[in-house]
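A short write-up of the structure that comes next.
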Amino acid sequence: MRLSREEQRALEEIEERLAFEDPDLDALLARPHQDETSMLLFGEACRKVHAVPGQVWRIAVLLCVSVILIVVGLLLTTSS
């Protein structure tokens, strides 16, 4: 969502005031976030690390489905 001209101007004034009143905080806020820095430095390797939780989730779901199927199979064979 884009800001209106007035909102953009107000934001720029706030940023200028912050830079003037507290330059240390301004420098801290201007630094890239830790994830952005690591993505810039490590690129593809960092993306692979962030992909691991998705893979773990898929394996956990597959494991749960397998356990449920085994339990259902055992229940069906023992009830006969």
Side-chain angles (χ1 to χ4, degrees):
M1 187 169 118
R2 294 190 57 146
L3 298 176
S4 69
R5 286 184 200 161
E6 296 163 358
E7 292 170 329
Q8 185 65 38
R9 196 174 315 124
L11 179 60
E12 289 170 0
E13 288 176 11
I14 292 170
E15 290 172 345
E16 288 174 8
R17 208 172 325 134
L18 172 66
F20 179 75
E21 292 176 3
D22 194 349
D24 293 334
L25 179 60
D26 182 54
L28 179 66
L29 295 174
R31 258 192 271 158
H33 189 269
Q34 178 66 28
D35 290 339
E36 293 171 3
T37 304
S38 60
M39 284 293 284
L40 291 172
L41 294 175
F42 301 111
E44 187 64 32
C46 187
R47 280 187 217 103
K48 287 180 182 177
V49 170
H50 289 297
V52 171
Q55 293 171 351
V56 171
W57 176 252
R58 287 184 201 110
I59 291 171
V61 169
L62 182 62
L63 183 63
C64 288
V65 169
S66 300
V67 168
I68 290 170
L69 288 175
I70 291 170
V71 169
V72 168
L74 287 172
L75 289 173
L76 289 174
T77 57
T78 56
S79 62
S80 299

Under a 4.5 Å side-chain heavy-atom rule over Ile, Leu, Val, Met, Phe, Trp and Tyr, are Val61 and Leu69 clustered together? yes
Would you say Ile68 and Leu76 are hydrophobically clustered, going by side-chain heavy atoms of ILVMFWY under 4.5 Å? yes
Only counting residues at least two apart or in another chain, list the ones meeting side-chain hydrogen bond (donor to acceptor under 3.5 Å, both in side chains) with Glu16. none
Does the side chain of Leu11 reach to within under 4.5 Å of the side chain of Glu15, using non-hydrogen atoms? yes
Over 12 foreign heavy atoms within 6.0 Å of CD, Glu12: yes
As an exercise, state the distance from CD1 of Ile14 to CD of Glu21, rounded to the nearest 0.5 Å. 11.0 Å
Membership question, hydrophobic clusters at under 4.5 Å side-chain separation (ILVMFWY): are Val67 and Leu75 in the same one? yes
Does Ser4 have any side-chain hydrogen bond (donor to acceptor under 3.5 Å, both in side chains) partners at least two apart in sequence or in another chain, and if so, which? Glu7
